[in-house]
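Everything on this sheet refers to the single structure shown next.
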Amino acid sequence: MTDSENTNIETTLKLTAEFLGLEFLKQLPEPVPPRDLVRGDFERIAGSWGRNFQTIPIGENGNYIQVATADPLNVEIFDQLRLCYNKPLEILVTGPEEITKAINAIRTNLMTDRSNELTSEEDEDEKNISGADLKIDVTDAEDDDAPIIRYVNAIIFKASSERASDVHVEPYEDTLNVRFRIDGVLSDVATEDKTFQAAILSRIKVMANLNIAEKRLPQDGRIGLKIAGKDVDIRVSTVPTQFGERIVMRLLDKTATVLDLAQVGLTGNNLKMINKLIQKPNGIVLVTGPTGSGKTTTLYSCLTQINTPDKNILTVEDPIEYQLQGIGQMQVNPKIDFTFASGLRAILRQDPDVVMVGEIRDTETAEIAIQASLTGHLVFSTLHTNDSAGAIARLLDMGVEPFLVSSSLLAVMAQRLVRKLCPACKIPHTLTAEEMTELGLSQNDIGNSQVFRPKEGGCEACQFNGYSGRCGIHELLVVNDEVRTKILQKTDAGSIRNAAFSGEFKTLRRDGADKVLEGITSVEEVILVSHEDGS
């Protein structure tokens with residue numbers, strides 16, 4: 001919903017509230033439902049019922065139940081609440097987004113308490129529970145749900161609400177630990193008694209349609225569901241360990257907003273060059289980096305930038321992380337021999353202008369991608385290499401002919417993610433001589449820039465760790481004539497990197513140093529994710 005639409009809705013609700021003699025609140029106070037509100041049916045009211053009717057009890061004022069609503073004309077729902085609680089209501093009018101925030105806040109409090117309901121006696125019926133239907137909302141609690149079901153739902157909901165990318169469920173000798181990866185850093189969330197291990201692990205495997213009887217071999221599955229109204233795809237991986245199966249769940253919010261290139265972290269000359277490259281009619285642009293470094297998000301941002309009605313854009317991915325309006329996206333499926341290579345062949349028969357291949361994993365995919373670029377298509381893809389020059393060496397190692405690489409490759413961009421300093425609690429910092437040397441900065445580079453570092457212990461806004469969110473640092477190697485010559489000579493990555501320095505080449509370390517000077521991140525973060533040679 002756009003800002004103008006939000007403003008129109010807010011104006012209409014204000015006028016309606018004024019006409020009805022009700023109070024309008026632009027921002028709701030933090031909901032704290034009193035104990036007598038939190039009964040069995042309240043979970044439904046704070047779930048699908050509240051979302052459907054845009055109405056939620058948020059507290060009490062004396063003998064009155066305070067009810068927030070974005071639909072003040074629907075008197076029938078107010079009658080239902082009066083009957084439910086046998087008390088008069090105080091109606092507060094607010095916008096739909098505030099209602100959603102209140103529901104999510106209430107659900108967080110309700111569902112994270114589920115661990116208290118676990119009992120030492122395992123539910124024998126748990127093994128007979130069928131897999132969760134795709135797109136069921138984990139916030140819609142049922143009265144007859146077993147405590148284990150509620151507990152797993154609570155873990156998934158908490159992970160989503162705290163922006164966790166991965167959930168780790170780890171069995172040890174006497175305990176079962178749950179950890180979240182937030183902004184690239186793992187942190188402990190819960191420690192449960194060993195007696196709950198079998199039930200919790202079985203529940204997750206049932207949801208992912210895995211074989212619960214097979215505990216000796218690794219398994220992969222997926223869970224498709226809704227979390228507070230959002231479509232979320234969860235990739236599940238199990239591996240056998242000494243004390244039982246370890247499970248990792250990767251959360252992919254399929255309705256997440258795709259960022260533009262500037263929000264991804266591209267700035268200055270890098271942003272200017274990428275904007276030029278993605279407008280080219282043909283060629284290959286590669287993004288490299290380790291798993292979880294934001295490569296796919298950057299490619300999605302590129303596609304969004306050039307997604308116009310006059311272009312036919314097709315992708316083949318594993319998995320489809322975000323849904324892009326106006327772009328044809330295909331999911332690989334190795335079980336039926338639908339690989340990146342076969343998907344790419346099929347795409348080329350669909351008259352595309354722009355093609356994205358999730359990853360170049362083998363020589364066949366690389367050669368088809370290069371042929372596609374040479375026949376008039378702009379191709380985007382990713383490679384797992386440490387730096388930009390290493391991607392060229394990797395293609396040559398795969399057996400791709402040097403003349404094909406030099407004639408088709410437009411640019412390679414390496415990237416890493418660094419945590420952003422919390423704007424609410426970051427504190428000024430003076431760079432030491434050692435830090436300046438590490439970052440490759442001189443006093444002239446620093447100038448009047450203000451450098452910051454994280455506050456020890458953080459604040460409530462950043463969950464007490466000093467950082468909030470992440471952004472990319474980048475190394476863009478544009479293939480110029482000197483680089484092409486080095487490719488044709490099949491030289492090493494170091495020589496290719498040196499040839500790139502003849503242009504406006506900025507290493508990862510230097511781009512990170514610039515973001516330190518801009519007050520975006522800290523020295524420690526940049527040093528952690530980049531090496532002195534810039535890789």
Side-chain angles (χ1 to χ4, degrees), residues 107-108 111-142 144-162 164-172 174-182 186-228 230-254 319:
R107 296 299 306 182
T108 299
M111 298 188 73
T112 51
D113 287 340
R114 285 301 168 204
S115 58
N116 297 330
E117 295 186 11
L118 294 175
T119 60
S120 58
E121 182 179 349
E122 290 186 16
D123 191 339
E124 290 298 326
D125 294 333
E126 179 67 23
K127 296 176 184 177
N128 300 321
I129 296 173
S130 61
D133 293 335
L134 291 184
K135 304 309 176 192
I136 192 169
D137 199 315
V138 298
T139 61
D140 292 345
E142 297 289 349
D144 57 352
D145 279 350
I148 292 294
I149 297 177
R150 291 171 179 256
Y151 179 77
V152 172
N153 286 350
I155 289 296
I156 294 172
F157 179 79
K158 184 177 175 65
S160 175
S161 62
E162 293 186 5
S165 60
D166 302 87
V167 178
H168 293 243
V169 184
E170 305 165 339
Y172 294 101
D174 301 315
T175 60
L176 181 74
N177 289 358
V178 178
R179 296 196 290 171
F180 291 171
R181 187 180 293 279
I182 302 173
L186 278 169
S187 58
D188 291 327
V189 174
T191 301
E192 304 302 339
D193 192 271
K194 188 75 171 177
T195 54
F196 306 134
Q197 177 175 314
I200 292 172
L201 298 184
S202 293
R203 174 58 188 166
I204 296 172
K205 290 172 72 174
V206 165
M207 293 175 73
N209 290 318
L210 301 178
N211 183 355
I212 63 172
E214 179 56 77
K215 301 179 181 179
R216 301 164 301 169
L217 296 173
Q219 296 187 70
D220 294 308
R222 65 178 290 271
I223 304 169
L225 42 74
K226 285 181 179 287
I227 301 177
K230 297 188 301 182
D231 283 330
V232 176
D233 197 36
I234 301 176
R235 298 294 157 139
V236 181
S237 171
T238 75
V239 293
T241 66
Q242 180 182 5
F243 300 111
E245 289 178 288
R246 175 180 286 224
I247 293 180
V248 175
M249 296 183 283
R250 168 156 286 191
L251 279 65
L252 303 172
D253 183 357
K254 305 192 82 165

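Annotation for P171 and F243: closest pair CB-O, 3.6 Å, computed over non-hydrogen atoms. Considering all non-hydrogen atoms of both residues, L251 and A159 come closest at CD2-CB, 4.0 Å. Residues H168 and V248 approach most closely at ND1-CG2, 3.6 Å, considering heavy atoms. Of all heavy-atom pairs spanning G224 and D233, the tightest one is CA-OD1, 4.2 Å.
A 4.5 Å side-chain heavy-atom check between I148 and I200 finds at least one atom pair inside the cut-off. Inter-residue side-chain proximity for D174 and K194 is flagged as unmet; no heavy-atom pair is nearer than 4.5 Å. Between T241 and E170, the closest side-chain pair of non-hydrogen atoms is not below 4.5 Å. Contact check for Y151 versus V178: side-chain heavy atoms found under the 4.5 Å cut-off. Taking the side chain as every heavy atom from C-beta outward, P240 and P218 approach each other to under 4.5 Å.
Residues D166 and R250 are paired through a salt bridge, judged by an N-O separation under 4.0 Å between the basic side chain and the carboxylate.
Within the 3.5 Å criterion, the main-chain N or O of K158 finds a donor-acceptor partner in the side chain of S161. Of the possible polar contacts, one joining the S202 side chain to the A198 backbone as a donor-acceptor pair under 3.5 Å is found. The main-chain N or O of E214 is found under 3.5 Å from a side-chain atom of Q219 such that the two form a donor-acceptor pair.
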Legend entry - Stepwise side chain to side chain contact (heavy atoms under 4.5 Å, CB included) test for L252 and I234: CA-CA 6 Å; L252 303 172; I234 301 176; over 6 Å; no
Inset, instruction - Assess whether side chain to side chain contact (heavy atoms under 4.5 Å, CB included) is satisfied between L201 and I247, documenting all intermediate values. - result: CA-CA 8 Å; L201 298 184; I247 293 180; 3.8 Å; yes
Inset, instruction - Could you check T191 against L176 for side chain to side chain contact (heavy atoms under 4.5 Å, CB included), going step by step and ending with a plain yes or no? - result: CA-CA 6 Å; T191 301; L176 181 74; over 6 Å; no
Inset, instruction - Evaluate the side chain to side chain contact (heavy atoms under 4.5 Å, CB included) criterion for residues V167 and F180: first the C-alpha distance (whole Å), next the side-chain angles of each, then the deciding distance (0.1 Å), finally the verdict. - result: CA-CA 5 Å; V167 178; F180 291 171; 3.9 Å; yes
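Atoms CG and CG, from L186 and D188 in turn, are 8.5 Å apart once rounded to the nearest 0.5 Å. Note that CG of L225 is 12.0 Å distant from CZ of F157, once rounded to the nearest 0.5 Å. In this structure, S237 OG and R246 CZ are separated by 11.0 Å, a value rounded to the nearest 0.5 Å.
Test N153, I149, V236 against M207 for side chain to side chain contact (heavy atoms under 4.5 Å, CB included) and you get one pass: N153. Tested against E245, the residues Q197, K215, R216, K205 include a single side-chain hydrogen bond (donor to acceptor under 3.5 Å, both in side chains) partner, K205.
For Q242 and Y172, the side-chain atoms include no donor-acceptor pair closer than 3.5 Å.
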